[in-house]
Amino acid sequence: MPASSSSRALNAILPLITSNQPYEAHQKARTFASRYAKSGQYDAAIDVLFQSARELLKAGQQGSGTDLACYLIDVYENKGESVNDDSRGKLTQLIALTGSSGTWRKTMIDRAIAWSAKHGTCPSGDQDLHHYIGELLYKDGAWDAAEPHLLAAGKRDSARLLAQLFTEWIETGGTPGNFALRGTLPYLESGNILAAKAFIMQFVNKLLTARPSLASPLQSSRIPVDDGSEVMFTSDSATNFCQLAVLTCQRANGDKNKVIRESWVRLCGTYQAKGGVLASREVRAAMQTIATLYFAIPPPRTQPDNPFGAMLSSMLGGAPTGAPERRVLSPGLNRPHTLGLD
């Protein structure tokens, strides 16, 4: 067992921390771990590094604790440790103990995500690890740092938490539609309808609870949709677009359903004509990506000034000659099976 084989090392290391000798404890931990790793006793090395890093972090030694935590990830790499509850749990404990001051936590987070991307099932990093980090950063008030992790997690709980984060952020200053787009479009671009739907439903509910005046004076009641979804129109065009975009993508079937394809083109054209953020280059590019992914509408040869017209032209004329292979969801699927999403 790792505990018994590492107990000699820990008996020499941990008392140094309690007697206020962190440097000596740090050096002994590295020495013992190196010996264990070189002899192939990876589990013993992991136990020494984890327990030593944890106690150093508890003692306020962020630099030494983070160094051992990163060494732990190196041992994970050398062992070929897969992402599982135990390996992930060790890292989340250490990340939490690092604290929010300085750059130590970010260093550990970056290393942990990179390892999980290599040894887990998701190329952007383990989803549970992303969710844990996103929630931790959200609670610390580091909203801008939490956002990419909650997007990368791709879980419905992550999407709902992101909606909560954004509605709180709006109260400090910001346009609701911009935040609606920041949550909805990335989930749709990754093929994750479930997260996009969870996000926009939670976002609109939270938004209108906090600001009832944002409800549309033209349609103040919720509009039910046949699959149990509902639309609540607001006075913000971008927020309305996001709700309708998710519903339209849910019904996508590649190039098999021309009615839905045309509905997407009309939706984009109608809302882009309103100007504002929906007519920005970044949002137009996202719309084109979504058009290709869900509706098999090929992208234009070059980014057009009129993406609505380009999408319509692509539908009529097909893909340009020599165009690169496009990523398109299989008919009937609203998200890839390979993402391992909840």
Side-chain angles (χ1 to χ4, degrees), residues 1-120 125-140 142 145-146 149:
M1 294 291 292
S4 59
S5 60
S6 60
S7 59
R8 174 172 167 266
L10 291 170
N11 287 337
I13 296 165
L14 300 185
L16 294 173
I17 301 174
T18 57
S19 62
N20 198 29
Q21 300 179 70
Y23 176 78
E24 290 78 2
H26 171 262
Q27 293 301 304
K28 279 188 177 293
R30 287 193 66 94
T31 299
F32 275 110
S34 177
R35 290 174 181 171
Y36 285 134
K38 287 179 180 178
S39 62
Q41 300 179 69
Y42 292 115
D43 289 342
I46 288 169
D47 193 42
V48 166
L49 291 168
F50 169 67
Q51 293 203 47
S52 300
R54 182 183 62 190
E55 297 308 311
L56 282 167
L57 290 170
K58 287 180 179 179
Q61 300 294 325
Q62 276 78 14
S64 296
T66 301
D67 177 73
L68 294 185
C70 290
Y71 193 0
L72 168 63
I73 296 172
D74 289 338
V75 176
Y76 276 179
E77 289 277 3
N78 292 333
K79 180 188 176 185
E81 182 71 66
S82 62
V83 181
N84 53 53
D85 290 342
D86 180 65
S87 59
R88 183 195 305 112
K90 285 183 168 63
L91 295 181
T92 55
Q93 284 189 59
L94 297 179
I95 289 169
L97 288 170
T98 305
S100 57
S101 62
T103 60
W104 303 116
R105 175 177 284 175
K106 184 180 185 307
T107 297
M108 197 182 304
I109 287 173
D110 290 347
R111 291 291 306 278
I113 292 296
W115 160 76
S116 73
K118 183 177 179 181
H119 296 277
D126 179 68
Q127 293 164 295
D128 289 325
L129 184 58
H130 271 299
H131 180 85
Y132 176 86
I133 293 168
E135 185 174 20
L136 180 68
L137 293 170
Y138 160 70
K139 291 178 178 178
D140 277 353
H149 291 289

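Positions are given from 1 along the sequence.
- Shown here are the salt bridge (charged side-chain N to carboxylate O under 4.0 Å, His left out) partners of D128, two or more places apart in sequence or in another chain: R88, K155.
- Expressed to the nearest 0.5 Å, how far OG1 of T103 lies from CE of M108 amounts to 11.0 Å.
- S6 and D47 share a side-chain donor-acceptor pair at under 3.5 Å.
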Going through the checks in order, is the side chain to side chain contact (heavy atoms under 4.5 Å, CB included) test met by L91 and W115? CA-CA 11 Å; L91 295 181; W115 160 76; 3.6 Å; yes

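- If you run side-chain contact (heavy atoms from CB on, under 4.5 Å) between V75 and each of Y42, Y36, F50, only Y42 comes through.
- Nearest heavy-atom pair across H26 and S64 is CD2-O, 3.6 Å.
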Could you pull out every donor-acceptor pair under 3.5 Å between side chains of residues 131-138 and any protein atom, sequence neighbours left out?
| unit_1 | atom_1 | unit_2 | atom_2 | d |
| --- | --- | --- | --- | --- |
| H131 | ND1 | S158 | OG | 2.6 |
| Y132 | OH | T92 | O | 3.3 |
| Y138 | OH | E168 | OE2 | 2.6 |

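- In the displayed structure, K79 atom NZ is contacted under 6.0 Å by more than 12 heavy atoms of other residues, nucleotides or ligands.
- Listed for the T18 side chain is a donor-acceptor partner under 3.5 Å among the backbone atoms of P15.
- Of all the heavy atoms in I73 and A112, the pair that sits closest is CD1-N, 3.7 Å.
- Residues R105 and D140 form a side-chain contact, since some pair of their non-hydrogen atoms from C-beta on lies under 4.5 Å apart.
- The nearest pair of heavy atoms linking A37 to A45 is N-CB, 4.1 Å.
- In this structure, the separation between CD on Q61 and CD on E55 is 12.5 Å, given to the nearest 0.5 Å.
- Taking all atoms of both residues into account, the shortest heavy-atom contact from I17 to S52 is CD1-O, 3.9 Å.
- Remark: side-chain polar atoms of S19 are paired, donor with acceptor, to backbone N or O of L16 under 3.5 angstrom.
- In this structure, CG on D126 lies 10.5 Å from OG on S82, to the nearest 0.5 angstrom.
- For the residue pair N84/S87, the side-chain donor-acceptor check at 3.5 Å is satisfied.
- Between S116 and G125, the shortest heavy-atom distance links the atoms OG-CA, 3.4 Å.
- You'll find the side chain of Y71 reaches within 4.5 Å of the side chain of R30, heavy atoms only.
- Note: K106 NZ to T66 OG1 = 13.0 Å, rounded to the nearest 0.5 Å.
- Annotation: side chain of Q93 is not in contact with side chain of L57 (no heavy-atom distance under 4.5 Å).
- Summarising the geometry, atom CG belonging to L56 is positioned 11.5 Å from atom OG1 belonging to T98; distances are rounded to the nearest 0.5 Å.
- Taking each heavy atom of H119 and E81 in turn, the nearest pair found is CB-O, 3.4 Å.
- A distance of 5.5 Å separates CD1 in I95 from CD1 in I109, rounded to the nearest 0.5 Å.
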